[in-house]
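Following: one structure in structure tokens, then a few remarks.
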Amino acid sequence: MKKTEQPKPFNRRAFLETAGYGAATLMLWPFISSCDGQSSNTASPVVNPDFRPDIDLELSAVEREIPILSGSKTKAWVFEGSVIKGDKEALQTTEGSYLGPTIKVKKGQKIRIRFQNTIPEETIVHWHGMHVTSENDGHPKDVIHSGETYIYEYEVMNRAGTYWYHPHPHGRTGPQVYNGLAGLLLVTDEEEEQLNLPQGEFDRPVVIQDRSFDEDNQLVYIQSRMDSMRGFLGEQILINGTAEKVLNLKSGCAYRLRLLNGSNSRIYKLAWEDGSPITVIGIDGSLLSVPKELPYLMLGPAKRADVWLDLTDKPEGTRLTMKNASFPLEVMSGGMMMDGGETSLPQGSEYEVFTVKTISSGSNEYSLPQQLVKSNYLDPSTAENLNNPRQFSFAMDHMDWTINGRTWETTGVVDEETVKLGSTEVWELINSSSMMGNNRGGGMMGNGGMMGGGDGMMSGGMMGNMMQMPHPVHIHQVQFNILERDVSDVDPQLWEAIKEGFINEGWQDTVLLMPGMKAKVIMEFKDFKGLFVYHCHNLEHEDMGMMRNFKIT
Ligand code: C2O
Ligand code: CU
Ligand code: CU
């Protein structure tokens with residue numbers, strides 16, 4: 001069915017195409033008002049009348065003015081939500097934050113989300129890391145116009161973990177997330193509940209983002225083509241959608257911190273300033289089987305890590321700073337030239353990320369379990385292509401960000417991107433932008449003229465450096481296990497500075513590929529056929545086309 005044949009304004013194509021629901025849905029249309037934001041609870045449509053949600057939510061993308069800095073309010077686009085039916089605790093809002101409400105669900109629950117777009121451009125919401133059907137995934141082809149509603153209905157099938165949601169329109173994901181559209185989606189399950197991990201006020205989100213503001217406190221995004229080639233880097237760090245970078249906690253207590261790198265392209269090397277290790281208990285879509293202590297933690301865009309923080313021995317008034325420790329990426333990514341004058345917070349420099357302050361004392365019963373969850377990871381011998389993995393190479397090619405030489409096509413998908421339902425496969429994800437090894441990105445040199453003009457000079461040398469970009473690769477629909485990282489083509493100096501910050505265990509959906517890095521991941525394509533995307537989660541790269549479909553048939 002073509003887009004023009006779609007009934008408007010209500011839009012949930014997949015179900016409208018399905019015989020059986022058509023009639024029921026048709027009868028509901030007259031009750032839907034179009035674009036004044038008043039099409040609320042009373043007349044909200046449903047897609048499938050037989051779907052009985054445990055939690056029925058309304059979520060809107062709206063323009064607001066938020067007091068982020070002192071002085072003028074900041075214009076932002078934010079998610080706002082309300083619970084129509086079900087546990088009111090399913091939505092948690094942070095005062096004074098531009099971030100969307102944290103959505104809390106449990107594996108096995110059925111949720112309906114009635115998403116209303118009231119920002120002045122097309123959008124669609126994606127549930128990052130969730131295992132849902134194609135029509136519930138927020139595929140770029142499913143964008144809705146301002147004034148329209150898109151209904152998601154799905155059962156939560158994921159393990160306990162820290163997921164998140166954000167827009168996914170092609171070409172506009174970067175600016176929309178930057179303007180404020182993002183929120184956490186926390187899943188719990190029975191296995192997690194038995195562990196008695198910190199809950200309520202002891203389970204804290206720490207969403208890390210970078211932003212730049214003008215003199216009037218308004219958000220400033222990409223300034224030049226060069227900015228967008230590299231990816232946006234902001235001049236200051238915001239935590240949980242506020243400029244307040246302090247977490248006020250209680251001494252005597254243990255905490256679970258849910259870290260999310262919600263930045264467009266910034267990579268963090270997180271380390272406690274006092275040198276104590278970071279205790280990681282969860283990553284992306286799962287808890288680990290045992291807690292893991294790292295001297296520092298690498299967190300690329302879209303990556304989540306759950307960290308245990310024990311304040312039992314810390315007296316009241318303690319300040320503990322999480323800093324970004326330095327790593328020599330800016331040299332490799334041309335930062336000497338490009339970051340130098342442009343951002344006061346260059347990628348890989350040392351700066352404060354947030355500070356934990358114990359402002360009162362208390363006590364809680366939580367202690368760090370030595371065993372967390374059963375690992376049950378995929379057995380590599382069950383993969384159909386263990387010795388011949390599909391290879392996907394992320395590179396610059398003729399001034400385009402490409403995957404195996406291709407850029408984004410809305411529904412385009414080729415053979416090497418088509419997999420079978422029920423199969424287990426190994427994919428080798430390759431950042432081929434290293435100067436150390438083979439360089440698939442070499443083609444850009446011949447076409448350098450394109451970079452001239454508006455942004456001024458870009459010498460061949462700078463372009464050479466431009467290719468040295470990390471690519472945080474994300475695959476929709478699945479959670480995978482990381483089998484290995486091949487770093488033989490990674491600059492040894494860079495690798496030396498970051499090598500202890502990665503976690504291969506657990507179920508993950510995003511893997512940070514530093515220049516020259518290759519990672520083998522294993523995943524199972526189960527339950528749902530359809531079209532899904534995989535892409536670089538540097539949002540500027542994604543918007544420029546470093547995203548492709550894969551199809552489960
Ligand atoms: Cu978090 Cu396709 O994205
Ligand atoms: Cu995703
Ligand atoms: Cu990239």
Side-chain angles (χ1 to χ4, degrees), residues 100 123-132 134 136-143 152 158 161-174 176-178 181-185 207 209 227-233 260-267 284-285 300-304 329 332-333 347 392-397 400-403 407-408 429-434 440-441 466-480 507-517 519 523 531-550:
T123 192
I124 190 73
V125 182
H126 165 59
W127 317 96
H128 182 120
M130 297 297 281
H131 179 59
V132 294
S134 172
N136 279 301
D137 192 51
H139 189 283
K141 72 176 161 42
D142 292 327
V143 289
Y152 300 86
N158 286 68
T162 302
Y163 305 84
W164 64 303
Y165 61 98
H166 60 76
H168 220 297
H170 175 58
R172 294 292 296 165
T173 296
Q176 291 188 8
V177 172
Y178 185 72
L181 293 170
L184 284 172
L185 171 61
V207 179
Q209 297 175 306
D227 268 5
S228 64
M229 292 306 281
R230 178 197 59 196
F232 176 84
L233 292 175
L260 158 66
N261 179 355
S263 312
N264 284 28
S265 83
R266 186 176 289 275
I267 293 163
D284 288 359
K303 198 91 200 138
R304 292 87 68 206
L329 181 71
M332 297 303 289
S333 64
Q347 182 90 285
F392 293 103
S393 169
F394 292 73
M396 162 143 323
D397 198 352
D400 280 324
W401 292 116
T402 61
I403 306 174
T407 64
W408 173 245
L429 307 168
I430 303 165
N431 182 339
S432 34
S433 69
S434 173
R440 282 189 59 147
M466 283 294 284
M467 293 186 287
Q468 308 291 298
M469 292 287 306
H471 298 299
V473 174
H474 167 51
I475 307 174
H476 281 216
Q477 217 262 358
V478 297
Q479 291 286 326
F480 51 70
W507 295 90
Q508 310 197 28
D509 53 53
T510 309
V511 57
L512 175 59
L513 300 180
M514 287 306 206
M517 198 187 280
M523 67 213 126
L531 206 60
F532 299 90
V533 303
Y534 66 107
H535 58 91
C536 176
H537 219 292
N538 174 318
L539 296 183
E540 286 69 41
H541 292 181
E542 173 184 343
D543 280 345
M544 282 186 287
M546 201 177 232
M547 171 162 72
R548 291 287 304 172
N549 286 300
F550 72 97

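Read the numbers this way: they start at 1 and go in the same order the structure lists the ligands and their atoms. Scope of the values below: all heavy atoms of this structure, side chains included, with no hydrogens, waters or symmetry mates.
- Under a 3.5 Å cut-off, the side chain of Asp284 and the backbone N or O of Thr510 do form a donor-acceptor pair.
- Between His535 and His476, the distance from one ring center to the other falls under 6.0 angstrom.
- The aromatic rings of His471 and Phe394 lie tilted to each other, with the angle between the two planes from 30° to 60°.
- In this view, Thr162 and Leu184, Leu186, Arg258, Arg304, Asp306 satisfy the side-chain contact (heavy atoms from CB on, under 4.5 Å) rule, not counting sequence neighbours.
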*asked:* Using side chain to side chain contact (heavy atoms under 4.5 Å, CB included), reason through Phe232 and Arg266 one step at a time and then give a plain yes or no.
replied: CA-CA 8 Å; Phe232 176 84; Arg266 186 176 289 275; over 6 Å; no
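- Shown are the protein N/O/S atoms under 2.8 Å from the Cu ion (ligand 2), given by residue and atom: His126 NE2, His474 NE2.
- Take a cut-off of 2.8 Å around atom 1 (Cu) of ligand 1: the protein N, O or S atoms inside it are His128 ND1, His166 NE2, His537 NE2.
- Under the rule for a side-chain contact (heavy atoms from CB on, under 4.5 Å), the partners of Pro167 that lie at least two apart in sequence or sit in another chain are Phe79, Thr123, Pro169, Gln176, Val177, Leu181.
- Within the 4.5 Å cutoff, side-chain heavy atoms of Asp137 are placed close to those of His126.
- In this structure a side-chain-to-backbone donor-acceptor pair under 3.5 Å is missing from Asn549 to Leu531.
- Note on ring orientation: taking the six-membered ring where Trp is involved, the planes of His166 and His537 are perpendicular (angle over 60°, cut-offs 30° and 60°).
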